[in-house]
2 protein chains.
Amino acid sequence: MQKITLKTIAEKVKVSPSTVSRVIRNDRTCYISKSKKQAILEAVRKLNYAPNFAARNLALGKSSNVAFVLCRLCHIGESGPFTFKILENIQETLRREGYSLSVITIPHDNLNGFREICLSRKLYDGIIFGSGVISEETADIIKNSEIPKIVVDDNSPFLENIPRVITDKEEGITSAISYLKKMGHRKIAFYGHSTSMLELFRKAMINNELSFDKKLDFRFSSGNIYELMFDAYVNATLVLENLSKFTGVFCANDFVALGLIQRLTEKKIKVGSEISIIGFDNIEELLNVPEDERFLTTIHKPREKMGEETAELLLKMMKNGRMRNRAKKLPCRLIIRKSTGYCKGGDEK
Amino acid sequence: MQKITLKTIAEKVKVSPSTVSRVIRNDRTCYISKSKKQAILEAVRKLNYAPNFAARNLALGKSSNVAFVLCRLCHIGESGPFTFKILENIQETLRREGYSLSVITIPHDNLNGFREICLSRKLYDGIIFGSGVISEETADIIKNSEIPKIVVDDNSPFLENIPRVITDKEEGITSAISYLKKMGHRKIAFYGHSTSMLELFRKAMINNELSFDKKLDFRFSSGNIYELMFDAYVNATLVLENLSKFTGVFCANDFVALGLIQRLTEKKIKVGSEISIIGFDNIEELLNVPEDERFLTTIHKPREKMGEETAELLLKMMKNGRMRNRAKKLPCRLIIRKSTGYCKGGDEK
DNA sequence: CTGTTAGCGCGTTCAA
DNA sequence: TTGAACGCGCTAACAG
């Protein structure tokens, strides 16, 4: 089978390869006569021509390839649909600009390999770092590389000085607490497993001038995300035993909230009226629960937007060779559903 | 910053670029004098040289890129650590041969795009199809493409005639049932959500000349893998209410088994002595549970091996242009842990 | 054992 | 508005 190249098209239409190239690339700097342009596009379609990317990249001196780096591939599985929503949008945004995305891992037992493969070689035009625990040593390698890079949805201390796209969780949680306060709630408990979320909750309570009673915080340790909902269900006794002490519960994430709600419902406690529950992540949307069946009031993290922003910032950096923004913080959005309502036995405002 | 190319090295060592190329590629067809080889490798190291892949690919007429295709990226998240174990091994095997792997999705709203991007263009040298639901239309596109391709861990009816690497689940389950039978169990229930697993269980019972009592099968519908363990815990009443009817339970997968065990343990039923439970997937290993803490007797699916085999078969096909094996079926392995034991009140053998 | 040479297919001058 | 010519960096065939 004969290879279809620019030359093939050129010969067929009786123009030069460069003219064909200009048409293919939609080159704005020089105008091509309508008739030739039509003929070329026609031939391209007919012969099913597609450019050779290796040749194009060689000529342009780039790889048209971007790396998405994680510590372990499994990590992406553990964070479930979260990371994927971001990844999908990064991929799509890059694709539109002719870049492909490779998901790779940091080989913890071979940091030199990582250095060579990802950073010094021209295998990738840019690198995106996903969330995950990275060592200080790895971070040093990353920082010292010349390649355009960006961090998404992560707050590793070691990657501090690299441009990043993150969300304003504190503001999101503060608005959630503010909403509960407006609904008459004063005593709000934290239920979950994450110390970082607990800290954000504490700040949000302070931001709302509500007292943060440590006695209302429940924690448990969970090995992985798969067991989270389950753990929340099992540990719900912690909530049940203290029901008189609060009217609202802020859960570290939606899985935790769903597990808790299940247990409360079994105990005939009406979530939404007798007690208000807020989660974090808008997991019902990610899990494709039909819109009218979604129940949980939650804080939506703009993952699509994060993906797009990340890709766009990186594209700019790859074009200009300089970083634009130190950190782009995207707002979270409170989504009010049926798991919250007016506080019946609560304090007045 | 000056670009380091073959030529740079060649000039520095005072040899020709092709000699350098031969050393870099470790070309077995021609021997290079020790002294020159040493000098070249030394210079490569010092100047931190790395080959330009675009140039290499252009010269070789290939992309050195393989696609791993899924319907949606989220799918990989939903199947959790399962697919990743395979993916990691595919990636590693391909990497050793100089190929990189791109994880891509089938854009369900743009099949022509899929056709063009993945199949007719030379963007990928080969394609690996992961598990997931694909339409007949998509399958047709795939079948009609010239590109070397392989299916892994999937049994879509539409991709029937494409080479594949799968596991022999039936044989695995049969050996599990056989083991239970040897331990004195005669009445074994199926607990789970998957009709395909139920069918395999049925066959395995028949293979072991055990009667398959439909009354012992429990099912529930689950939206996604995250809720599976939880669902299994909640639905365990189905098992509890019928305890007298069986001595062993085969669970559709390990998450289901773990949820069930949790509930049984709460009810003071001793798993392993009073009742035997077998799962499927060896999830405790995937979740990095320490070896001595693993409890569940399960059927191990050789994911590492599947990844390697898949990559190796594809590499062969890319080299020879022909498919070698229609279907490679890898054996599963029964792993006996503490959740199973002798049947105390069971029939004699 | 090693160097010379001729492409791989495309983008981009520079002329016309 | 278009074409000719060169080069991107590498591999492979051929010649020594």
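FYI, side chains are in, hydrogens and waters are out, and symmetry mates aren't considered; it's all heavy atoms of this structure. Reminder, nothing fancy here: chain letters follow the sequence lines and each chain counts from 1.
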Protein and nucleotides 14-16 of chain C: nitrogen or oxygen contacts under 3.5 angstrom:
none

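Taking atom CZ of residue A/Arg25 and atom P of nucleotide C/dG9, one finds them 17 Å apart after rounding to whole Å. In this structure, B/Lys14 atom NZ and C/dT2 atom P are separated by 16 Å, rounded to whole Å. One atom, NZ of B/Lys37, and another, P of C/dT2, lie 11 Å apart when rounded to the nearest Å.
Near DNA chain D, meaning a heavy atom under 4.0 Å away, the residues from residues 54-64 of chain A are A/Leu58, A/Ala59.
With no hydrogens or angles considered, no side-chain donor-acceptor pair links A/Asn57 and A/Ser63 at under 3.5 Å. The closest side-chain donor-acceptor pair between A/Tyr99 and A/Lys62 falls under 3.5 angstrom. Side chains of A/Thr19 and A/Ser16: a donor on one and an acceptor on the other come within 3.5 Å.
Put simply, chain B comes within 4.0 Å of DNA chain D, heavy atom to any atom, from D/dG9 to D/dA13, going 5' to 3'.
The side chain of A/Lys3 contributes an N or O atom lying less than 4.0 Å from OP1 or OP2 of C/dG9. One finds a side-chain N or O of A/Tyr49 lying less than 4.0 angstrom from the OP1 or OP2 phosphate oxygen of C/dC10. For B/Ser33 and C/dT2, the shortest distance from a side-chain N or O to OP1 or OP2 is below 4.0 Å. Proximity of A/Ser21 to the phosphate of C/dG11: a side-chain N or O atom is located under 4.0 Å from OP1 or OP2.
The residue among A/Thr5 and B/Pro17 whose nearest nucleotide of DNA chain C is located toward the 5' end is B/Pro17.
Evaluated for a side chain to side chain contact (heavy atoms under 4.5 Å, CB included) with B/Val15, the options B/Ile9, B/Ile32, B/Val20 yield exactly one hit, B/Val20. Paired with B/Ile150 under the rule side chain to side chain contact (heavy atoms under 4.5 Å, CB included), one option of B/Leu313, B/Leu159, B/Val66 passes, and it is B/Leu313.
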Step-by-step salt bridge (charged side-chain N to carboxylate O under 4.0 Å, His left out) determination, B/Lys301 to B/Asp153: CA-CA 10 Å; B/Lys301 218 167 142 182; B/Asp153 196 24; 3.0 Å; yes
